[in-house]
Q: 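My questions will all concern the structure given below.
Computed from a predicted model, the values in this text were never measured in an experiment.
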Amino acid sequence: MKTYSAKPTEVEKKWLLIDAEGVTLGRLASLIAMRLRGKHKAMYTPHIDCGDNVIVVNAEKVRITGKKKQFDIFYWHTGYAGGIKGRSKGQILEGKHPERVIENAVRRMMPKDSPLARKQMTCLRLFAGPSHTHEAQQPEKVDIGAMNPKNKRQ
């Protein structure tokens, strides 16, 4: 018996549309990361891009539980002495690019520092509002809230 290894020509990429309104951030990010990598497919091969293209709308309405909106902070360094800066998830959601909260959560669930993970992250399209620019691809809607009651728990 031999182990099946998918070839890049055999991979069929679908377009998926996910509405993030009211969905818990961590559960949403883990499902998006799984779809981007292709782990939901029977033909999954770790070194091949088997994942789907994912479109996320209403990214600004994602639900963050507990006090993470105030106390969970994303840090970065400017490169200058004493140049550490940080912004909480709540500040990012209320700011200019609220979709970056989901982008950071998904990126941190992907394999670290690999060209394949960077390529798979380009298949993720995030939109803060309810409209998107990929109508021509006819994306298939995925209802994350209906998969598990905990995904949209109040």
Q: Atom CE in Met121, atom CZ in Arg37: separation rounded to 0.5 Å?
A: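 The CE atom of Met121 sits 12.5 Å away from the CZ atom of Arg37.
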Q: Restricting to side-chain contact (heavy atoms from CB on, under 4.5 Å), what partner residues turn up for Ser88, sequence neighbours left out?
A: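 Once residues adjacent in sequence are excluded, the partners of Ser88 under the side-chain contact (heavy atoms from CB on, under 4.5 Å) criterion are Ile73, Gln91.
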Q: Does anything in residues 69-87 form a side-chain hydrogen bond (donor to acceptor under 3.5 Å, both in side chains)? List the pairs, not counting sequence neighbours.
A: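 Residue pairs passing side-chain hydrogen bond (donor to acceptor under 3.5 Å, both in side chains), neighbours aside: Asp72-Lys89.
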Q: Within the distance-only criterion (no hydrogens, no angle test), does the side chain of Thr24 pair as donor or acceptor with the backbone N or O of Asn151 below 3.5 angstrom?
A: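 Checked: pair present.
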Q: Could you state the interatomic distance from CD1 (Ile92) to CD1 (Ile102), rounded to the nearest 0.5 Å?
A: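 The CD1 atom of Ile102 is 12.0 Å from CD1 of Ile92, to the nearest 0.5 Å.
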Q: Of all residues at least two apart in sequence or in a different chain, which pass the side chain to side chain donor-acceptor pair (under 3.5 Å) check with Lys39?
A: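 For Lys39 there are no side chain to side chain donor-acceptor pair (under 3.5 Å) partners, ignoring immediate neighbours.
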Q: Supply the members, apart from Val57, of the Ile/Leu/Val/Met/Phe/Trp/Tyr cluster built from side-chain contacts under 4.5 Å; use none for a lone residue.
A: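 Besides Val57, the hydrophobic cluster comprises Trp15, Leu17, Ile55, Phe127, listed by chain and residue number.
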Q: Tell me the closest heavy-atom pair linking Ala29 and Ala105, and the distance in Å.
A: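 Closest pair (atom of Ala29, atom of Ala105, distance): CB-CB, 3.7 Å.
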Q: Rest of the hydrophobic cluster containing Leu116 (Ile/Leu/Val/Met/Phe/Trp/Tyr, side-chain heavy atoms under 4.5 Å)?
A: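 Listed partners: none, Leu116 stands alone.
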Q: Same hydrophobic cluster for Met110 and Phe74, using side-chain heavy-atom links shorter than 4.5 Å among ILVMFWY?
A: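 Hydrophobic grouping puts Met110 with Phe74.
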Q: Evaluate the side-chain proximity of Leu124 to Ile32: yes if any heavy-atom separation is below 4.5 Å, no if none is.
A: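 Yes; the side chains approach each other to less than 4.5 Å.
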Q: Ignoring hydrogens, what is the shortest heavy-atom contact between Leu93 and Ala59? Give both atom names and the distance.
A: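 In this case the closest contact between Leu93 and Ala59 is CD2-O, 4.0 Å.
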Q: Restricting to non-hydrogen atoms, name the atom on His132 and the atom on Glu135 that form the minimum distance, rounded to 0.1 Å.
A: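 Shortest heavy-atom separation between His132 and Glu135 comes out as NE2-OE2, 3.2 Å.
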Q: Taking side-chain contact (heavy atoms from CB on, under 4.5 Å) as the definition, give me every residue that meets it alongside Pro130, ordered by chain and number, with sequence neighbours left out.
A: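 With sequence neighbours excluded, Pro130 shows a side-chain contact (heavy atoms from CB on, under 4.5 Å) to Asn58, given in chain and number order.
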Q: Give a yes or no on whether the backbone of Met43 and the side-chain of Thr45 come within a donor-acceptor separation of less than 3.5 Å.
A: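 The answer is yes, because a donor-acceptor pair under 3.5 Å joins these two groups.
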Q: What distance separates Arg63 CZ from Leu28 CG, expressed to the nearest 0.5 Å?
A: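 The CZ atom of Arg63 sits 12.5 Å away from the CG atom of Leu28.
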Q: Nearest 0.5 angstrom please: Leu36 CG to Met34 CE, how far?
A: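 Those atoms lie 10.0 Å apart.
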Q: Please report the closest heavy-atom contact between Ala128 and Pro98, naming both atoms and the distance.
A: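 Distance-wise, the nearest heavy atoms are CB-CG, 3.7 Å.
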Q: Can you list every pair that meets salt bridge (charged side-chain N to carboxylate O under 4.0 Å, His left out) and has a residue in residues 24-34, with sequence neighbours left out?
A: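 Qualifying pairs: none.
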Q: List for me each residue that meets side-chain contact (heavy atoms from CB on, under 4.5 Å) alongside Glu12, sequence neighbours excluded, and say none if there are none.
A: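 If we apply the side-chain contact (heavy atoms from CB on, under 4.5 Å) test to Glu12, skipping adjacent residues, there are no hits.
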Q: Please examine the side chains of Glu60 and Glu99, heavy atoms only from C-beta on, and report whether any two atoms are closer than 4.5 Å.
A: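 They are not in side-chain contact.
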Q: Using modelled atom types and a 3.5 Å cut-off, is there a donor and acceptor pairing between side-chain atoms of Ser114 and backbone atoms of Ala117?
A: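 Yes, Ser114 side chain to Ala117 backbone: donor-acceptor pair under 3.5 Å.
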Q: Please list all pairs passing the salt bridge (charged side-chain N to carboxylate O under 4.0 Å, His left out) test where one or both residues lie in residues 104-120, with sequence neighbours left out.
A: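 Of all non-adjacent pairs touching residues 104-120, those that pass salt bridge (charged side-chain N to carboxylate O under 4.0 Å, His left out) are Glu103-Arg107.
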Q: Less than 4.0 angstrom from a charged side-chain N to a carboxylate O is my criterion; do Asp49 and Lys13 meet it?
A: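 Judged by the 4.0 Å cut-off on N to carboxylate O distance, Asp49 and Lys13 do form a salt bridge.
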Q: Which residues satisfy the side chain to side chain donor-acceptor pair (under 3.5 Å) test with His40, sequence neighbours excluded?
A: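 So His40 forms a side chain to side chain donor-acceptor pair (under 3.5 Å) with Asp52.
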Q: Taking side-chain contact (heavy atoms from CB on, under 4.5 Å) as the definition, give me every residue that meets it alongside Ser30, ordered by chain and number, with sequence neighbours left out.
A: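 Testing Ser30 for side-chain contact (heavy atoms from CB on, under 4.5 Å), a comparison that skips the adjacent residues, returns Met109.
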Q: Of all the heavy-atom pairs spanning Lys68 and Thr65, show the shortest one and how long it is.
A: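 Smallest interatomic distance, heavy atoms only, reads NZ-OG1, 3.0 Å.
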Q: For Cys50, does its backbone N or O pair with a side-chain atom of Lys41 as donor and acceptor, under 3.5 Å?
A: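 Checking the backbone N and O of Cys50 against the side chain of Lys41, a donor-acceptor pair under 3.5 Å is found.
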Q: Hydrophobic clustering (ILVMFWY, side-chain heavy atoms < 4.5 Å, transitive) - are Val54 and Val11 grouped together?
A: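 No: no chain of side-chain contacts under 4.5 Å links Val11 to Val54.
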Q: Mind checking what makes side chain to side chain donor-acceptor pair (under 3.5 Å) contact with Glu10, not counting sequence neighbours?
A: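 Partners of Glu10 by the side chain to side chain donor-acceptor pair (under 3.5 Å) criterion, ordered by chain and then number, come out as Tyr4.
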Q: Test side-chain contact (heavy atoms from CB on, under 4.5 Å) on Leu16 and Arg35 and set out the steps.
A: CA-CA 9 Å; Leu16 305 172; Arg35 295 288 180 146; 3.7 Å; yes
Q: Heavy atoms, side chains only, cut-off 4.5 Å: are Val56 and Arg125 in contact?
A: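 Heavy-atom side-chain distance check fails, nothing below 4.5 Å.
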Q: Where is the tightest heavy-atom contact between Ile144 and Ile18, given as atom of each residue plus distance?
A: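 Where Ile144 meets Ile18 most closely, the heavy atoms are CG1-CG2, 3.6 Å.
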